[in-house]
Each structure stands twice: as C-alpha cells, then as structure tokens.
Amino acid sequence: MPPNLTGYYRFVSQENMDNYLRALDINVVLRKLVCLLKPDKEIIHTGDHMVIRTITSLRDYVMDFDLGVQFEEDLGPVDGRKCQTTVSWEGDQLVCEQLGEKRNRGWRHWLEGDQLHLVRRGPVQLAASQSQRVGGDTVWVLLALSQPCSSLPPSLSLHSRLCGGSHRFTQTSASRV
C-alpha cells in the first residue's frame, strides 16, 4: 500500500534547478528567480485524491487531481505551458508524467522518514529537492543530479530507485539558507 503523504514540508535543499529550467527553455530572469525561492509543500492525500500546494514568497502553485486520471495542467505560472498530466503510484513513489510541448517531462515524490524527496525530469536534465516534514528532525540530505553519468556509491541506494543508475548523485549537507 502506498504511503500517505499528507503533511506540511519545509524546504531543505535543491540542486541543478537552473540547468533543468534551461532545458525547458525558461528565460534567464525567471530561472534566476526560481532558483532563489525556497518552496514549502503542503500535501493533502485522501484516498485517490490529492492536493499538492507548493508555497513560495512569490506565488503558490496548486495541483488538485485524482490519481491515475489524466487532466489538463496549466503550468502558466511556472513556464507558460499546458500539458496533459497523469499522477500515479509506482511502488512507494508518486510519479507524474506530463505530456506536452516538452518531451520526457515529469517528477517523482517519495518519503524517507520525514524527508520528502522530489526529482523533476525534463528533456535532458534532472533537478532534485528535499523538504523536511514539520515536526521532524532534519538530518542529512543527499542530492545533486546532473548529466547522465556512470555510477553511484552503494551507500546511496536511492539512485537505483530513481533512474536505474543513469544519473549522478552527490552528497551535500542539509542547510536552510
């Protein structure tokens, strides 16, 4: 049974966001602005219905959907595009496929303890971020994803769960900037 992701999560870190946004053809001003944001997440998960609210100092973004049901997602606030989106479970990971102008776009969310992990997938690049469930202890966080690559230290088992070993991870310490 998939985990219930309901909760409020504070931003911890994010890696490779600028390259990910560049691969989506986002203009330089918006890319720099997005990279400065420290988005929190609020997730309400009730049965097969979810609301994921990304909260920033600039504006909030809300996804309201039923699992496994395709819907039109308006990414206007993000990059001015619309796409056909389907969100479903693959094991204990919440997986989003976004069909539209940009190929291979989507994301994955999963929990490890109180850490909510997110990996965004674009045409060429990946970006990763972590958020800490409010009320939990922040420990260390991994993640810096970049170009397709070779290997991952065995101690970082998330690699195979994410992409079958086709991207590089770098361990970094968690800190709120």
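The existence of a salt bridge linking Arg121 and Glu97 is confirmed by a sub-4.0 Å separation between a basic side-chain nitrogen and an acidic carboxylate oxygen.
Contact of the Val95 side chain with the Val87 side chain is not registered, since no non-hydrogen atoms from C-beta on lie closer than 4.5 Å. Annotation: side chain of Val34 is not in contact with side chain of Leu36 (no heavy-atom distance under 4.5 Å). Pro3 places a side-chain heavy atom less than 4.5 Å from the side chain of Asp92. Proximity of Arg120 to Ser129: side-chain heavy atoms (C-beta onward) are separated by under 4.5 Å at one or more points. Side-chain atoms of Arg108 and Glu90, non-hydrogen and from C-beta on, do get closer than 4.5 Å to each other. Looking at heavy atoms from C-beta onward, Val51 lies out of side-chain contact with Ile43 at the 4.5 angstrom threshold. In this structure, the side chains of Leu118 and Trp107 come closer than 4.5 Å at one or more pairs of heavy atoms.
In terms of heavy atoms, Gly91 sits closest to Pro2 at O-CB, 4.2 Å. Across all their heavy atoms, Tyr20 and Gly122 have their closest contact at CE1-N, 3.5 Å.
Between the OG atom in Ser88 and the CG atom in Asp66 there is a gap of 12.5 Å [rounded to 0.5 Å]. Note that CD1 of Ile52 is 8.0 Å distant from SG of Cys96, once rounded to the nearest 0.5 Å. The structure places OG1 of Thr85 at 7.5 Å from CG of Leu99, a figure rounded to the nearest 0.5 Å. With rounding to the nearest 0.5 Å, the separation of CE in Met50 from CG in Leu67 is 6.0 Å. Note that CG of Asp74 and CE of Met63 are 11.5 Å apart. Values are rounded to the nearest 0.5 Å. Rounding to the nearest 0.5 Å gives a distance of 10.0 Å between CD1 of Ile55 and OG of Ser131.
Between the side chains of Lys41 and Thr54, at least one donor N or O lies within less than 3.5 Å of an accepting N or O. In summary, the side chains of Gln132 and Arg10 do not present any donor paired with an acceptor at a separation below 3.5 Å, with no hydrogens or angles considered. No side-chain donor-acceptor contact under 3.5 Å links Asp40 and Tyr9.
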With side chain to side chain contact (heavy atoms under 4.5 Å, CB included) as the criterion, how do Leu111 and Arg133 come out once you've worked through the C-alpha distance, each side chain's angles and the decisive distance to 0.1 Å?
CA-CA 9 Å; Leu111 275 176; Arg133 188 186 304 253; 3.2 Å; yes

Verdict with reasoning, His109 to Leu116, per side chain to side chain contact (heavy atoms under 4.5 Å, CB included):
CA-CA 7 Å; His109 263 307; Leu116 179 68; 3.7 Å; yes

Would Trp110 and Leu94 satisfy side chain to side chain contact (heavy atoms under 4.5 Å, CB included), going step by step from the backbone distance to the final call?
CA-CA 6 Å; Trp110 73 95; Leu94 190 62; over 6 Å; no

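With sequence neighbours left out, the side chain to side chain donor-acceptor pair (under 3.5 Å) criterion links Thr86 to no other residue. Residues passing the side chain to side chain donor-acceptor pair (under 3.5 Å) test with Asp60, sequence neighbours excluded: Arg53. Take Tyr61 and apply the ring pair (Phe, Tyr, Trp, His ring centres under 6.0 Å) test, not counting sequence neighbours, and it matches no residue. Applying the side chain to side chain donor-acceptor pair (under 3.5 Å) criterion to Thr6, with sequence neighbours excluded, gives Asn4.
Note on residues 20-35: pairs passing salt bridge (charged side-chain N to carboxylate O under 4.0 Å, His left out), not counting sequence neighbours, are Asp18-Arg22, Asp18-Arg31, Asp18-Lys32, Asp25-Lys102.
Remark: side-chain polar atoms of His117 are not paired, donor with acceptor, to backbone N or O of Gln130 under 3.5 angstrom. Formation of a donor-acceptor pair under 3.5 Å by the Asn27 side chain with backbone atoms of Leu30 is found in this model. Put simply, the side chain of His49 gets close to the backbone of Phe65: a donor and an acceptor are under 3.5 Å apart.
Other members of the cluster containing Met1 do not exist, because no ILVMFWY side chain is joined to it at under 4.5 Å.
Put simply, Leu75 and Leu24 are part of two different groups of oily side chains (I, L, V, M, F, W, Y) that touch within less than 4.5 Å, one to the next.
For the side chain to side chain contact (heavy atoms under 4.5 Å, CB included) with Arg81, the lone residue among Glu73, Arg105, Gln98 that qualifies is Arg105.
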